[in-house]
There are 2 protein chains.
Amino acid sequence: MNYEEFQKCGARVTLSLLAGKWKPLILFYLFTGSQRFTDLWRIMPRVSKKVLLEQLKEMEEAGLIRRVEKNGFPPEVFYELSEQGRTLGPLLKQLDEWGDNYIQTKE
Amino acid sequence: MNYEEFQKCGARVTLSLLAGKWKPLILFYLFTGSQRFTDLWRIMPRVSKKVLLEQLKEMEEAGLIRRVEKNGFPPEVFYELSEQGRTLGPLLKQLDEWGDNYIQTKE
DNA sequence: AAAGAAGTTCACTTTTTGGTCACCTATACA
DNA sequence: TGTATAGGTGACCAAAAAGTGAACTTCTTT
């Protein structure tokens, strides 16, 4: 495998999709169900609306999540996992388990 | 899960260990066997020795790889997977497969 | 002595990412 | 009329990550 091949390799692509500072956390929340923008923001007090929005937009463009407008009043926007995003479930689980195991062997 | 819990969660930890720009590639090479520093560098022409060294050092501190000196002449340094590092195998495989699948559905 | 190899370090710059803060839009309701 | 609410933008700044290029060390060969 050379550099070019590596850039296109699956592992590289997957990691780049998950690489944002808040993306894994957002995904975890979305796995518990569709979330209103403001609620997501309230759960993550250290993230500004702008940054949260950036992460959401990138994941939406990547096809991992969907943006759903409900135009009542006040207008609400929900974010939810796409089918594609939902397939990340087992992967996130394995990442989580490996990490937990790693933490334990380090103690 | 709140912010603090998230920082310690397994998935977060795992992703941070794999987050370096060249780390996954290095790991892939090391899975094919122990590698001399200079050889690793030759395979990755776009990485400066300094950056490669940084990535290796970080992975060594994380316990994923081991640095082995052979002091003949010229002195050689080999890098190889630790037992801990070797357990990343299935995870990398799954990251890779998910990514390949993702790429296909995007085309 | 001089040159060269392998691994490493240092000083410095560029790029990317994340961050704050103020402001905009549309609408409901007091 | 004015204010609140939900979602979103733009200007600007700070920190982190990655990159460059030179130089150092140790020992061997010429």
Side-chain angles (χ1 to χ4, degrees), chain A residues 3-4 6-7 12-30 33-62 64-80, chain B residues 2-4 6-7 12-27 29-30 33-62 64-80:
Chain A
Y3 177 81
E4 282 74 20
F6 173 60
Q7 288 306 81
R12 177 93 228 142
V13 168
T14 309
L15 287 170
S16 75
L17 290 181
L18 300 177
K21 182 159 173 191
W22 304 100
K23 288 179 187 173
L25 183 53
I26 293 171
L27 285 174
F28 278 117
Y29 283 130
L30 293 191
S34 167
Q35 301 284 337
R36 206 158 102 226
F37 175 77
T38 306
D39 290 337
L40 265 182
W41 183 53
R42 293 231 176 82
I43 309 174
M44 294 185 260
R46 319 220 185 172
V47 199
S48 71
K49 282 192 291 180
K50 186 205 126 197
V51 171
L52 180 53
L53 222 40
E54 278 172 1
Q55 306 266 312
L56 287 168
K57 201 179 269 182
E58 284 173 20
M59 288 198 283
E60 196 200 350
E61 275 160 16
L64 300 180
I65 65 176
R66 238 191 322 260
R67 183 178 172 285
V68 184
E69 284 187 47
K70 308 236 153 106
N71 35 4
F73 196 82
E76 292 178 327
V77 176
F78 285 81
Y79 288 90
E80 60 189 30
Chain B
N2 60 29
Y3 178 82
E4 283 74 20
F6 173 60
Q7 288 307 80
R12 178 93 230 142
V13 169
T14 309
L15 287 169
S16 75
L17 291 180
L18 300 177
K21 181 159 173 189
W22 304 101
K23 288 179 188 173
L25 182 52
I26 294 171
L27 286 173
Y29 284 130
L30 294 190
S34 167
Q35 300 284 337
R36 206 158 104 229
F37 176 77
T38 306
D39 291 337
L40 265 182
W41 182 54
R42 293 228 178 83
I43 310 173
M44 294 184 262
R46 318 221 187 172
V47 199
S48 71
K49 284 192 289 181
K50 186 207 124 195
V51 172
L52 180 54
L53 220 40
E54 278 172 1
Q55 307 265 312
L56 287 167
K57 200 178 272 185
E58 285 172 20
M59 287 198 284
E60 197 201 348
E61 276 161 16
L64 300 180
I65 67 175
R66 237 190 321 260
R67 183 178 173 284
V68 183
E69 285 187 47
K70 308 239 153 108
N71 35 4
F73 197 83
E76 292 177 328
V77 176
F78 284 81
Y79 288 90
E80 60 189 28

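Order of the sequence lines sets the chain letters (A, B, ...), proteins ahead of strands, with each chain counted from 1.
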Across the strands shown, which category fits B/Val77 at heavy-atom distances under 4.0 angstrom: base, sugar-phosphate, nothing? sugar-phosphate

*asked:* Just to be sure I understand the rule, does A/Tyr79 reach a base, reach only the sugar-phosphate, or reach nothing, if contact means heavy atoms closer than 4.0 Å?
replied: sugar-phosphate

In whole angstrom, what separates [X]'s [atom1] from [N]'s [atom2]?
| X | N | atom1 | atom2 | result |
| --- | --- | --- | --- | --- |
| A/Leu53 | D/dA6 | CG | P | 15 Å |
| A/Lys21 | C/dT16 | NZ | C1' | 14 Å |
| A/Glu76 | C/dT27 | CD | P | 16 Å |
| A/Asp39 | D/dT5 | CG | P | 14 Å |
| B/Leu56 | C/dT9 | CG | C1' | 15 Å |
| B/Glu54 | C/dC12 | CD | C1' | 13 Å |
| B/Arg36 | C/dA6 | CZ | P | 6 Å |
| A/Leu52 | C/dT17 | CG | P | 17 Å |

Residue closer to the 5' end of DNA chain D, A/Pro74 versus A/Lys57 (nearest nucleotide):
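Result: A/Pro74.
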
Result for 5'-nearest mapping on DNA chain D, choosing between B/Lys49 and B/Glu58, is B/Glu58

Q) Are B/Val47 and B/Lys21 side-chain neighbours, meaning at least one heavy-atom pair lies under 4.5 Å? A) no

Notebook entry, point to check: Is the shortest heavy-atom distance from the side chain of B/Ile43 to the side chain of B/Leu25 under 4.5 Å?
Noted result: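 They are not in contact (no side-chain heavy atoms under 4.5 Å apart), so the answer is no.
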
Report task. For the pair A/Arg36 and A/Glu76, find out whether any cationic side-chain nitrogen is under 4.0 Å from an anionic carboxylate oxygen. Result ->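 Salt bridge present between A/Arg36 and A/Glu76.
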
- Salt bridge check: are B/Lys50 and B/Glu54 linked by an N-O gap of less than 4.0 Å? yes

- prompt: Does B/Lys50 or B/Phe37 map to a spot on DNA chain C nearer the 5' end, using the closest nucleotide for each?
  reply: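 By nearest-heavy-atom nucleotide position, the 5'-most residue is B/Phe37.
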
For [N], does either OP1 or OP2 sit under 4.0 Å from a side-chain N or O belonging to [X]?
| X | N | value |
| --- | --- | --- |
| A/Trp41 | D/dG8 | no |
| A/Arg67 | D/dG8 | yes |
| B/Gln55 | D/dA17 | no |

Q) Do the side chain of B/Arg66 and the main chain of B/Phe78 share a donor and acceptor less than 3.5 angstrom apart? A) no

